[in-house]
2 protein chains.
Amino acid sequence: MSDPIALSRDPIAEARRHWQDRGWTAAAEGMAAVTSIMRTQQILLARIESVLKPHGLTFARFELLALLSFAREGALPMNKASARLQVHPTSVTNSVDRLERAGLVRRAAHPGDGRTKLVEITGQGRNVVERATLELNGTVFGNPGFSAPELDRLNQMLGKFRRDAGDFVDTRFPI
Amino acid sequence: MSDPIALSRDPIAEARRHWQDRGWTAAAEGMAAVTSIMRTQQILLARIESVLKPHGLTFARFELLALLSFAREGALPMNKASARLQVHPTSVTNSVDRLERAGLVRRAAHPGDGRTKLVEITGQGRNVVERATLELNGTVFGNPGFSAPELDRLNQMLGKFRRDAGDFVDTRFPI
DNA sequence: TATTGTTATACTCTATAACTATA
DNA sequence: TATAGTTATAGAGTATAACAATA
């Protein structure tokens, strides 16, 4: 962005007032919350990408690298990576292409299934993701702009939301 | 997405455990919350866009139309729209191009400043945004997946976050 | 037949730089 | 000189469809 000037009033609070004025009371709070989540995501993503850029990573590629670094043998089938990251298979293909060109991952044959390809993190990939993670931890993740109780509430609320949305099946957030 | 299969375990909770195991305790909760916000935004955006698609709108274009529908005279200078929507000027140019081609907005000269152009919503634009809003209110905004107290907490927390991030200057969230 | 992954293609939003017109 | 907006260009993620190889 060229000049992210601070507005004198919260545009989302203003929109909520307009919703109220129109009589859309039942949807006003939801509209405000949803829009706030959108904007918060945008702010956080910008911070993350500015940290990752010097490491030659985008957030999508960082997430893939981090996932692989935690996997057994540092490798996963493409479709497992796609499922775990909740992204489209073609997005994984694209990410792996870039990461492979940068020498951070490599493709390997699956021992049991000839259709399947494994993505495997390289030693260089481990170094890069380790350094990037430490810097992210020291900046965004370690100082996200929410207090400890707020983080707790967020993780609880959003965890429940994601479960209800069908992201995963889990019993730690009982219905 | 082709097959958004529900995972058996929450991938974000799993990542948090890995963070803990590595000793990145101070950043674990923040990482989980930030990642949860990212994923929640993705889910909500997908719902919104699926509602808007039959109306010929994306979320970015809907937001612009909604902003104009609340503006005096239904018109705003391009740079005001850019500031209020927190998007790059070229993004506004692009959105206005598409909306203008669809007959939902028009460009007009600014009476006092020859450099400035106004974006003005058309009657057709008002009809479209009204119908789209009602449908969004009846689905996503009116039923966002959070309880009323949760919405309240979210609006409070994210409002404060956005203010601290420099999005706007306001006194309703005192430091 | 079904599944895995790739390719080709297309459409978002985003961003920088160069440019025109106006102040 | 500074500002408003556009254009050109590029990059990102996302998505569908067609395809090859394998099960």
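Every chain is numbered from 1 and lettered A, B, ... according to where its sequence line falls, protein lines coming before strand lines.
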Original post:
Is there a donor-acceptor contact under 3.5 Å linking the side chains of B/S36 and A/R162?
Top reply: yes
Original post:
What residues form a salt bridge (charged side-chain N to carboxylate O under 4.0 Å, His left out) with A/R106, not counting sequence neighbours?
Top reply: A/E120
Subject >> Among D/dG5, D/dA12, C/dG5, the one nearest B/P77 by side-chain distance >> reply: D/dG5
Starting at [atom1] of [X] and ending at [atom2] of [N], how long is that distance when rounded to a whole Å?
X      : N      : atom1 : atom2 : answer
B/H110 : D/dA4  : NE2   : C1'   : 11 Å
B/D97  : C/dC11 : CG    : P     : 15 Å
B/E63  : C/dT12 : CD    : C1'   : 14 Å
A/H88  : C/dT7  : NE2   : P     : 15 Å
B/L57  : C/dC13 : CG    : P     : 11 Å
B/N94  : D/dA8  : CG    : P     : 13 Å
A/F62  : D/dG13 : CZ    : P     : 14 Å
B/L99  : C/dT12 : CG    : C1'   : 14 Å

Any [X] side-chain N or O less than 4.0 Å from OP1/OP2 of [N]:
X      : N      : answer
B/R107 : D/dT6  : yes
B/T93  : D/dT6  : yes
A/T90  : D/dA15 : no
A/N79  : C/dG5  : yes

Subject >> Residues B/R22, A/E130: salt bridge by 4.0 Å N-O rule >> reply: yes
Original post:
Below 4.0 angstrom, N of the basic side chain to O of the carboxylate: do B/R107 and B/D97 qualify?
Top reply: yes
Original post:
Does B/T116 get its side chain close enough to the base of D/dA4, under 3.5 Å, for a donor-acceptor pair?
Top reply: no
Original post:
Taking the side chain as C-beta and beyond, is there a heavy-atom pair between A/Q42 and B/Q41 under 4.5 Å?
Top reply: no
Original post:
Within a strict 4.5 Å, meaning less than it, do heavy atoms of the A/F141 and B/W19 side chains meet?
Top reply: yes
**OP:** Starting from the C-alpha separation in whole Å, work towards a yes-or-no answer on salt bridge (charged side-chain N to carboxylate O under 4.0 Å, His left out) for A/R84 and B/E14.
**Re:** CA-CA 10 Å; A/R84 296 280 286 279; B/E14 242 171 83; 3.0 Å; yes
Original post:
Counting only non-hydrogen atoms, which of residues 40-56 of chain A are less than 4.0 Å from DNA chain C?
Top reply: A/Q42
Original post:
Base, sugar-phosphate alone, or nothing: which one does A/T58 contact when heavy atoms must sit under 4.0 Å apart?
Top reply: sugar-phosphate
Subject >> ILVMFWY cluster, B/F59 and B/I37 together (side-chain gap under 4.5 Å) >> reply: yes
Original post:
Mind checking whether B/L52 and B/L67 sit in one hydrophobic cluster, side chains of I, L, V, M, F, W, Y counted as touching below 4.5 Å?
Top reply: yes
Subject >> Footprint string (nucleotides 18-23 of chain D, 5' to 3'): B base within contact, S backbone only, - free, heavy atoms under 4.0 Å >> reply: ----BS
**OP:** Could you go through the salt bridge (charged side-chain N to carboxylate O under 4.0 Å, His left out) check for B/R16 and B/D21 one step at a time?
**Re:** CA-CA 9 Å; B/R16 182 170 42 190; B/D21 293 346; over 6 Å; no
